[in-house]
Structures are given as C-alpha cells and as structure tokens.
2 protein chains.
Amino acid sequence: MKLGQGVEWGLHSCVNMSWTPPGEAVSSARLAEFYKLPAAYLNKQLQALVRAGILTSVSGPRGGFSLARRPDRISVLDVVLAIEGNDHAFRCEGIAKDAPGGSMDADYARTCLISQTMRHAEVTWRTELSRQSIAGIAQSIERRFPDARESTVLRLVGPRT
Amino acid sequence: MKLGQGVEWGLHSCVNMSWTPPGEAVSSARLAEFYKLPAAYLNKQLQALVRAGILTSVSGPRGGFSLARRPDRISVLDVVLAIEGNDHAFRCEGIAKDAPGGSMDADYARTCLISQTMRHAEVTWRTELSRQSIAGIAQSIERRFPDARESTVLRLVGPRT
DNA sequence: GATAGCATACTCGGATATTAGTTGTCCGAGTGCCGCTGG
DNA sequence: CCAGCGGCACTCGGACAACTAATATCCGAGTATGCTATC
C-alpha cells in the first residue's frame, strides 16, 4: 500500500493555486522551481488533474494551470483519485471461486467477507478524504502561518506590476 | 494506491488455518492447490507472516504453517502490515522544506497540514482494519455458509483417519 | 519379533529471473506576445 | 503616429527511456517417516 509522489505534489499545487488571483494561470515550471521538483514530471501529474476536470490549462506565454472550480468544491479525495486512479486498493481476484465449493461465483466481491471488510475500511478512508477540501486546508495553513499565502503568491506570480 | 495480491492470499489462508485442528500444520502446497495459486509464491507470502510472528512453521513431512496465537488475537491489520510493510501510504517527502520560506524544516510531517490530513485518513483506515479479527471473519463466514468450515477442513487436511 | 540405523520424501527458506508500475526525460503542436514595417 | 503582420519565445501534451517494486520460479537445508537389516 503505497501512494505515488504525485499525490503530494498535486495537493500542494492545488493549495497554492487556490491563493493565486483568479484568471492568473501558474506554469508547471514555476511550481517546480518553487518545490525544487523535476518540472516535466510535475507537468505530467498536473495533466492528470486536467483530465479529471480539477484543473484547466492554457498554452502559450502567460499560460499554465488554474483551478477549474472553487477550491471548496475540490476535495482531497478528488485529487488522490485523479492521480492514483479510482481502482480499489484491495483487488479481490475472487480466488475462492476456484476453490472446491466455488459455485458461488456470481460476484465474489459481495459475498466474500474478507473482501467486504477490506472494502469497508477503504470506504472510511475515502470518506475521510472527501470531507477535507482544498479550501479547508488552505485556510488551516493561513491560520497557522499567517504570511504563507502572501509569500507564496509573491513567489509564484512574481511581484505584481 | 494498490495492495499486493499477497494480502488476499494471506487473509484467506489465516481464516482457513483458524479452522484446522490445533497442532495440525497446513503446507503451502495444500493451500495453493485449494485456491489454484502458484505454490512457491504463496509460500513466500506466508514466510512474511512467520517473520511477523503471526504464523509458525515446521519443516519436514507433516509440516507446514499454523497460527501462532489465537485467531481472535490476530487482526486484519496485522496481516496487512506483515505483508505490505508498515510504512505509511503517504510518503511526505517534505517538499516544502525546499520552498522559499522553508525554515520550518524540523519534522515536516507534523507541521504540514496536507500530511496531517493524509495521515489522519490512513489512521482511520488502519483502525477499521484493526477492529476486525481473523476469528470474527471466520465466524461471519460460518454464519453465512454453514458448511464452509467442514468442507474446507476436509479438503485441507484430508479425511481424518 | 523388536530395535537401531539409514535412505527417502516432504517441507520451509532464501536466492534468483521476469514482469508490471512508477519515476523521469524529451521533443513536437499550439498560442499569445513583441517588434518591425508600411501607410 | 498607428495598424497590420511575421518571427519568436513560452506553454502544455503526449511519446519515449530508466529505474524500482511486485510477481513468479527454482534449488538447497533440515526433519519426520517408513523401510531394512541385524540382534
């Protein structure tokens, strides 16, 4: 059970983009320099967020990424599923259907108690993540580090002219 | 976010072993034949459970694996962690310590709100799994399929002489 | 007939290939910006 | 001085390579079993 690095990058990027003024796009190169990350790979991860409808992207100069909807409408779960894929963590291959008494083959995921247990635990995990939104995290950060927002915006979009 | 196949095999094997008479060991070959699985690979997974203290193993004829403690003392989480490793799913690399205001470098896992959120969700997942025990699952299966236990034991240890 | 010794078959355990997935890099397509040219 | 136009720099997007982890397999170490030969 391991999550890809892109989840962390995607979440941080979304929080940062929730602070940038609307209409201003942030390029992946800028975000990558911010965190000292490989720019092209970060770009690749953000592409997944675009495909999931979380971000919008524009090409060309002054282009980049920006949130596709209000940050309080983007849950942490949305970002995780967009990057990791929405497959279930516990892949029940239904091995018991090959077992001797395997006449109960219909859909093993329901009848198998082990599968049910694992699925239920994963549902609680997903529910917990769906409760937290990008906006909520951003607010918590602002409360704890009052100048985080200002310094981040300054570094990302540069000093406003 | 993906769990290895060994988790499913390990859980099924533990449930089956909770039904076998105490003192009787079950070989990995027998379990593998039961589920139509590659025997050597299943053996490898069960080795991890032995290292974690969940199973005990004996070599030689009439040898095999058996539960190291009462099945109501073995949680699903124990099996999952034994096979998957007890690392956290969300690897917080502390990317923000490279960010401009990165003086808050001490231990980023605590101060980073994103890390906190992911960790908290994982804790609920683990808690849910720790509530379920091998014995509990076995009982539920027995309730739903009354003859599951008998047929399984018969198939695993053969007809008792 | 009983017992000690021995070959044997069976088991786990770890070392070793093979495959899939993640991580990282590169180049092309598209787009807005800037300067140049002509009126 | 102003409008139109062409080159250009910058961006995303997807295709390609390197590396890591999961999957699958094989052979050696050890042990209880069952047979055999001897007393």
Side-chain angles (χ1 to χ4, degrees), chain A residues 1-10 13 17 23-33 35-52 54-66 68 80 82-85 87 89-91 93 95 156-158 161, chain B residues 1-10 13 17 23-33 35-52 54-66 68 80 82-85 87 89-91 93 95 156-158 161:
Chain A
M1 162 114 168
K2 188 165 62 73
L3 271 71
Q5 204 67 60
V7 173
E8 183 180 5
W9 302 354
S13 297
M17 277 186 261
E24 291 279 337
V26 183
S27 74
S28 64
R30 207 65 78 85
L31 283 165
E33 191 201 17
Y35 292 123
K36 304 279 175 49
L37 297 178
Y41 190 35
L42 174 62
N43 192 8
K44 187 183 178 66
Q45 306 289 356
L46 296 182
Q47 283 174 30
L49 295 180
V50 172
R51 275 192 294 271
I54 296 173
L55 300 182
T56 56
S57 64
V58 294
S59 287
R62 304 290 299 165
F65 297 92
S66 54
V80 172
I83 291 178
E84 288 286 314
D87 297 337
F90 183 73
R91 305 170 282 169
E93 302 280 334
I95 61 179
L156 279 182
V157 304
T161 54
Chain B
M1 161 111 169
K2 189 166 61 74
L3 272 70
Q5 205 67 58
V7 173
E8 185 180 5
W9 303 353
S13 298
M17 278 185 259
E24 291 279 337
V26 182
S27 74
S28 63
R30 207 65 79 88
L31 283 165
E33 190 201 17
Y35 291 122
K36 304 281 174 48
L37 295 178
Y41 190 35
L42 174 62
N43 191 9
K44 188 183 176 64
Q45 306 290 355
L46 296 182
Q47 283 174 31
L49 296 180
V50 172
R51 276 192 293 272
I54 296 173
L55 299 183
T56 56
S57 63
V58 295
S59 288
R62 305 287 301 163
F65 297 92
S66 54
V80 171
I83 292 178
E84 287 286 313
D87 298 337
F90 184 73
R91 303 170 285 169
E93 300 282 333
I95 61 178
L156 277 182
V157 304
T161 54

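Chain naming here is simple, since letters A, B, ... match the order of the sequence lines and numbering starts at 1 in each.
- For the side-chain contact (heavy atoms from CB on, under 4.5 Å) with B:Phe65, the qualifying choice from B:Leu49, B:Val26, B:Val50 is B:Val50, the only one to do so.
- Looking at heavy atoms from C-beta onward, B:Gln5 lies out of side-chain contact with B:Leu37 at the 4.5 angstrom threshold.
- Residue B:Arg91 places none of its side-chain N or O atoms closer than 4.0 Å to OP1 or OP2 of C:dT22.
- With respect to A:Glu84 and B:Lys2, no salt bridge is recorded, no charged nitrogen being found less than 4.0 Å from a carboxylate O.
- Taking OG of A:Ser13 as the start and CD of A:Gln45 as the end, the distance is 9.5 Å to the nearest 0.5 Å.
- Atom CG of A:Leu46 and atom C1' of D:dC12 are 10 Å apart (whole Å).
- Separation of atoms CZ (B:Arg62) and OG (B:Ser27) is listed at 10.0 Å; rounding is to 0.5 Å.
- Comparing A:Leu3 and B:Lys44 by the nucleotide of DNA chain C whose heavy atom lies nearest to each, the residue mapping closer to the 5' end is B:Lys44.
- Rounded to whole Å, the distance from NZ on B:Lys2 to P on C:dT19 is 17 Å.
- Here the P atom of nucleotide D:dT23 and the CD atom of B:Gln45 are 7 Å apart, to the nearest Å.
- If you measure from atom CD of A:Glu24 to atom P of D:dT11, you get 13 Å, rounded to the nearest angstrom.
- A:Leu42 places its CG atom 16 Å from the C1' atom of C:dC26, with the value rounded to the nearest Å.
- Take B:Tyr41 and apply the ring-ring contact (aromatic ring centres under 6.0 Å, His included) test, not counting sequence neighbours, and it matches B:Trp9.
- At the phosphate of D:dC12, OP1 or OP2 sits under 4.0 Å from a side-chain N or O atom of A:Ser28.
- Between B:Ile83 atom CD1 and D:dT23 atom C1' the separation is 14 Å, expressed in whole Å.
- In this structure, the nucleotide among D:dT23, C:dC12, C:dG24 sitting nearest to the side chain of B:Phe65 is C:dC12.
- Remark: B:Ser59 pairs with no residue by the side-chain contact (heavy atoms from CB on, under 4.5 Å) rule, at least two apart or across chains.
- Atoms CG (B:Asp87) and C1' (D:dA21) sit 13 Å apart, rounded to a whole Å.
- You'll find that the side chain of A:Ser57 is closest to D:dG13, out of D:dG13, D:dC26, C:dG24.
- Along DNA chain D, the nucleotide nearest to B:Gly4 and the one nearest to A:Asn43 differ in position, and the one closer to the 5' end is contacted by A:Asn43.
- Nearest-nucleotide positions on DNA chain D for A:Met1 and A:Gln47 put A:Gln47 closer to the 5' end.
- What separates CD of B:Glu84 from C1' of D:dA21 is a distance of 11 Å, to the nearest Å.
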Which pairs, protein N/O on one side and nucleotides 29-36 of chain C N/O on the other, fall under 3.5 Å?
from, atom 1, to, atom 2, distance (Å)
C:dG30, N2, A:Gly60, N, 3.4

